[in-house]
Amino acid sequence: MSFPSIVALEDGWEKIKTEGIKVLENFLDTGYIPPNVHQDPKKPQKLLSNANYAELYTTVYNMCTQRTPNNWSDQLYRRYGEAMSDYVQRQVLPALQDKSDIALMKELLHRWSNHKIYVKWMDRFFTYLDRYYVKLQSVEPLHNRGYIIFNQQVFQVCMKDTRAALLRVINLERQGEHIDQDLVKGVVEIFIDLGLGQLNLYNTEFEEAFLPATSDYFVRQSSGWISEDSFPEYLRKAEAALTAEEQRVTNYLHRSTQTKLKHVVIMALLAQPQNQLMEKETGVVYLLDNDKREDLARMHRMFSLVDNGLNPIAQAFRQYVTDRGNKIVDERVEQSKQVASKSEALSDPTFIQTLLDLHDRFKGIVQECFSQDSLFQKSLKEAFEVFVNRDIGKYSFAQLMSSFCDRILKKSGERLSDDQVEPLLTKMVELFSFLSDKDLFAEIYRNQLSKRLLYETSASEDSEKSMIAKLKMKCGAQFTSRLEGMLTDLSLANDTQKEFKEHCDQLPEGKAALGGLEFNVTVLTTGFWPTYQVQEASLCPEMQKAIQVFSNYYNGKTQHRRLQWIHALGQATIAAQFSKRHDLIVNSYQAMILLLYTKDETHDLAFIQNATGLEMSLCKKLMATLSIAKFKILSKSGDAKTIEDDATFTPNSAFQCPSRKIKIPAPVTEETHNKERVEEDRSIAIEAAIVRIMKMRKTLNHQQLVTEVLTQLAFFKPNPKLVKQRIEHLIEREYLERDKNQASVYRYLA
């Protein structure tokens with residue numbers, strides 16, 4: 001029985017060194033491969049023939065598997081490192097001496113590439129040692145040991161010079177010079193590879209020098225750009241620099257550097273010099289003045305990268321919008337001093353249209369340039385709230401806004417198509433949302449809506465509904481309940497009128513039951529519509545008869561409602577014969593006066609007042625519309641411009657007009673809203689809020705209560721003094737009481 005001979009340490013090592021390590025080192029130094037090694041073009045290059053490699057593997061295997069004292073695993077592991085260290089000291093270090101900058105980088109990268117080949121083939125030679133001995137003894141794997149040798153004996157020696165060269169080359173690229181990016185990437189990867197799967201070496205030896213150097217570079221750049229360039233040009237350069245640095249990471253740095261590098265560049269180019277940049281003449285105000293939207297978008301994009309970087313820009317934007325709005329309002333205040341009549345002041349849409357255009361412009365900038373940023377939306381809102389709630393004299397913003405809407409929605413107004421009206425109403429509601437006195441707007445709007453609906457001057461029912469829907473969306477159902485009730489009322493009134501007509505057709509007398517009149521009635525609900533003054537009047541017999549028929553019909557239909565006739569809103573068509581026949585469209589009071597003239601006769605003012613039962617002041621206004629206004633149906637004695645107490649009136653036989661139908665305007669009512677009603681509603685809302693809060697909180701001090709009340713009131717902002725008055729009122733009515741020890745503390749009384 002034969003046994004394999006024992007492999008002596010020196011014999012085995014000589015074979016490994018001669019047939020393996022020397023061949024490998026010769027290849028690394030000269031590129032020579034023995035001619036007997038067959039190469040497969042589809043596979044990696046081989047340095048040894050299969051037979052030679054098998055012999056080396058077997059030699060290492062035998063040396064590691066022999067029994068003690070002939071097991072040479074320890075010795076082979078040690079000699080692995082010694083052989084590699086010997087080669088590094090002999091060939092690598094001398095090659096790197098006296099080299100610097102790019103030459104050093106190239107030589108180091110070449111030597112590192114060779115060393116990786118060295119480690120790869122040594123791992124193959126000593127595969128068995130690595131597979132068993134390393135694991136059993138828990139020592140450093142051969143591959144790692146090879147890398148550690150290069151790090152300790154080569155890289156640590158030239159690392160500072162290499163890093164300095166690397167930073168210089170990167171700065172050259174920043175300055176626009178072309179560099180060998182593959183070389184830089186290869187050298188950077190040495191820092192990464194030598195970390196053995198960790199980034200410690202890369203972070204401590206490269207990044208910790210690279211990031212401060214980058215900061216210093218861009219601080220210098222920033223200083224030069226600030227003194228030489230405009231604000232928009234500076235931002236263009238800063239954005240280009242930031243993009244270039246991000247690309248640099250992609251090209252040759254580790255991806256973990258991206259966030260840190262970006263932060264360094266942002267701090268150097270944007271955060272630190274922000275105050276200087278904002279003070280430049282070509283700053284935010286310049287960009288807004290000249291509508292530089294691309295530059296504004298870049299500004300937002302760049303400073304959004306800075307912590308709280310957008311705050312000063314948003315403040316500047318708010319101030320700019322406020323200044324532009326105040327300028328428009330100031331011009332309006334000056335202009336209003338020269339405007340004589342109320343109709344002229346309220347019918348001119350220029351002022352509100354200018355504000356709509358202003359909001360449109362800045363809303364577009366917020367959307368297009370500031371990416372709908374909530375910070376800038378808030379700034380825009382706050383700016384408009386400043387000047388939209390200013391005191392502009394006799395006619396408030398609420399009146400002007402409502403009159404603008406009235407102009408859009410009336411037949412006789414702008415005459416716009418539905419496609420034009422809809423966006424205009426949307427913009428109007430956006431402007432309205434900045435108004436503090438929303439309740440005042442609602443009251444004025446309700447009055448004007450009532451006139452459009454009752455006098456049938458509304459251009460489109462769909463537009464009316466659309467406007468109410470927009471207000472409802474903005475302020476809630478409570479805000480628009482009366483407006484919606486008015487539209488519903490008219491729809492129900494039409495149904496009632498149809499039923500009444502059917503009722504009249506069934507009466508034995510037929511049309512004669514109504515005094516021979518074409519008689520229509522619109523029944524409205526008191527709570528929805530504005531409060532109208534009820535004026536007692538002596539109606540003509542025909543009118544009285546028709547009213548009585550309807551009253552009987554309606555009372556028979558429902559017993560829960562009481563009819564109250566508002567003759568001021570009534571309308572009549574009267575046939576009049578002058579040189580030719582005319583149909584005069586007048587209100588009920590004007591009709592009563594005209595019906596006093598059945599032939600060519602003269603009546604004085606006292607007779608007319610007595611016959612109609614109207615107040616003298618109203619009587620004079622009515623006579624003015626018939627005798628000294630545009631259509632002079634009656635001739636008047638005395639002064640042609642005023643109605644005297646002793647004036648007499650006669651049918652104007654010389655009256656001429658090309659139109660057969662003539663609409664004679666009724667006397668103008670002075671107020672478009674009831675101020676007392678608005679004040680009363682506000683008092684009720686304040687008291688309701690106080691009771692709601694106190695019911696929940698039970699005890700509260702004065703300042704906290706006032707603050708919470710102001711927060712809860714959505715449709716107006718009352719003066720704190722008014723809130724205090726309502727608190728006193730509630731104390732009198734025993735809803736609240738003062739604390740006996742602290743007068744400023746209130747208690748709720750259940």
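These figures come from a predicted structure and were not determined experimentally. Note: hydrogens, waters and symmetry copies are ignored here, and every other heavy atom, side chains too, is used.
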I'd like to know if [X] pairs up with [Y] as an ion pair, taking the criterion as any Lys NZ or Arg NE/NH1/NH2 lying under 4.0 Å from an Asp or Glu carboxylate oxygen.
| X | Y | result |
| --- | --- | --- |
| Arg79 | Glu10 | yes |
| Lys280 | Glu233 | no |
| Asp123 | Lys120 | no |
| Glu245 | Arg248 | yes |
| Arg236 | Asp295 | yes |
| Arg145 | Glu140 | no |
| Arg293 | Asp291 | yes |

Indicate yes or no for a side-chain donor-acceptor contact from [X] to the backbone of [Y] under 3.5 Å, with no hydrogens or angles considered.
| X | Y | answer |
| --- | --- | --- |
| Arg163 | Glu205 | yes |
| Thr68 | Asn71 | no |
| Thr282 | Phe231 | yes |
| Thr257 | Leu253 | no |
| Ser223 | Arg220 | no |
| Tyr118 | Leu24 | no |
| Thr426 | Glu422 | yes |

Next item on the list: Considering non-hydrogen atoms only, spot the tightest contact between Phe362 and Arg324 and give its length.
Entry: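 In terms of heavy atoms, the two residues are closest at CZ-CG, 4.4 Å.
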Note to self: How close do Asp360 and Lys427 get, counting heavy atoms only, and between which atoms?
What the structure shows: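 Scanning both residues completely, I find the closest heavy atoms to be OD2-NZ, 3.1 Å.
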Donor-acceptor pair between [X] and [Y] side chains, under 3.5 angstrom:
| X | Y | value |
| --- | --- | --- |
| Asn171 | Arg168 | no |
| Asp373 | Ser371 | no |
| Asp289 | Tyr320 | yes |
| Glu14 | Thr18 | yes |
| Gln156 | Asn151 | yes |
| Glu173 | Tyr252 | yes |
| Asn389 | Glu385 | no |
| Asp357 | Gln353 | yes |

Which pairs count as ring-ring contact (aromatic ring centres under 6.0 Å, His included) when at least one residue sits in [range], sequence neighbours excluded?
| range | result |
| --- | --- |
| residues 255-291 | none |
| residues 152-188 | Phe155-Phe191 |
| residues 12-37 | none |

What distance separates [X] [atom1] from [Y] [atom2], expressed to the nearest 0.5 Å?
| X | Y | atom1 | atom2 | answer |
| --- | --- | --- | --- | --- |
| Leu166 | Asp161 | CG | CG | 12.0 Å |
| Leu261 | Glu207 | CG | CD | 9.0 Å |
| Thr127 | Leu56 | OG1 | CG | 11.0 Å |
| Ile266 | Gln274 | CD1 | CD | 12.0 Å |
| Ile33 | Ser49 | CD1 | OG | 12.0 Å |
| Ile190 | Leu108 | CD1 | CG | 4.0 Å |

Would you say the side chain of [Y] lies within less than 4.5 Å of the side chain of [X], judging by non-hydrogen atoms?
| X | Y | value |
| --- | --- | --- |
| Lys378 | Glu382 | yes |
| Lys262 | Leu305 | yes |
| Tyr234 | Pro273 | yes |
| Thr214 | Arg174 | yes |
| Tyr202 | Val188 | yes |
| Val169 | Asp101 | no |
| Phe387 | Leu358 | yes |
| Val219 | Ser215 | yes |

Note to self: My understanding is that only residues two or more places apart in sequence, or in another chain, count here; which of them pass side-chain contact (heavy atoms from CB on, under 4.5 Å) with Ala54?
What the structure shows: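 With neighbours one apart ignored, the set is empty.
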Look at atom [atom1] of [X] and say whether more than 12 heavy atoms of other residues, nucleotides or ligands are closer to it than 6.0 Å.
| X | atom1 | answer |
| --- | --- | --- |
| Lys116 | NZ | yes |
| Lys470 | NZ | yes |
| Glu294 | CD | no |
| Glu281 | CD | no |

Quiz: residues 90-98 side-chain donor-acceptor pairs under 3.5 angstrom, not counting sequence neighbours:
unit_1 : atom_1 : unit_2 : atom_2 : d
Arg90  : NE     : Asp86  : OD2    : 3.4
Arg90  : NH2    : Glu25  : OE1    : 3.2
Arg90  : NH2    : Asp86  : OD2    : 3.1
Gln91  : NE2    : Asp29  : OD1    : 3.2
Gln91  : NE2    : Asp29  : OD2    : 3.1

Any idea how [X] and [Y] line up, ring-wise: parallel (<30°), tilted (30 to 60°), or perpendicular (>60°)?
| X | Y | answer |
| --- | --- | --- |
| Phe384 | His359 | perpendicular |
| Tyr61 | Tyr57 | parallel |
| Phe210 | Phe206 | parallel |
| Tyr133 | Tyr77 | tilted |
| His115 | Trp112 | parallel |

Next item on the list: Apply the test side-chain contact (heavy atoms from CB on, under 4.5 Å) to residues Tyr147 and Asn144: give CA-CA distance (whole Å), side-chain angles for both, the deciding distance (0.1 Å), then the verdict.
Entry: CA-CA 5 Å; Tyr147 276 33; Asn144 288 5; 5.7 Å; no
Note to self: Can you confirm whether or not the ring centre of Phe317 sits under 6.0 Å from the ring centre of Phe370?
What the structure shows: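 Yes, the ring of Phe317 comes within the 6.0 Å limit of the ring of Phe370, centre to centre.
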Check: For the residue pair Phe218 and Trp225, is the inter-centroid distance of their aromatic rings smaller than 6.0 Å?
Finding: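 Centroid distance Phe218-Trp225: not below 6.0 Å, so no.
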Next item on the list: With sequence neighbours excluded, give me every salt bridge (Lys or Arg N to Asp or Glu O under 4.0 Å) pair touching residues 146-159.
Entry: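 As it turns out, there is no salt bridge (Lys or Arg N to Asp or Glu O under 4.0 Å) pair with a partner in residues 146-159 once direct neighbours are skipped.
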Next item on the list: With Ile102 as reference, evaluate Asp180, Leu172, Leu183 under the side chain to side chain contact (heavy atoms under 4.5 Å, CB included) test and give the passing residue.
Entry: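 The option that passes is Leu183.
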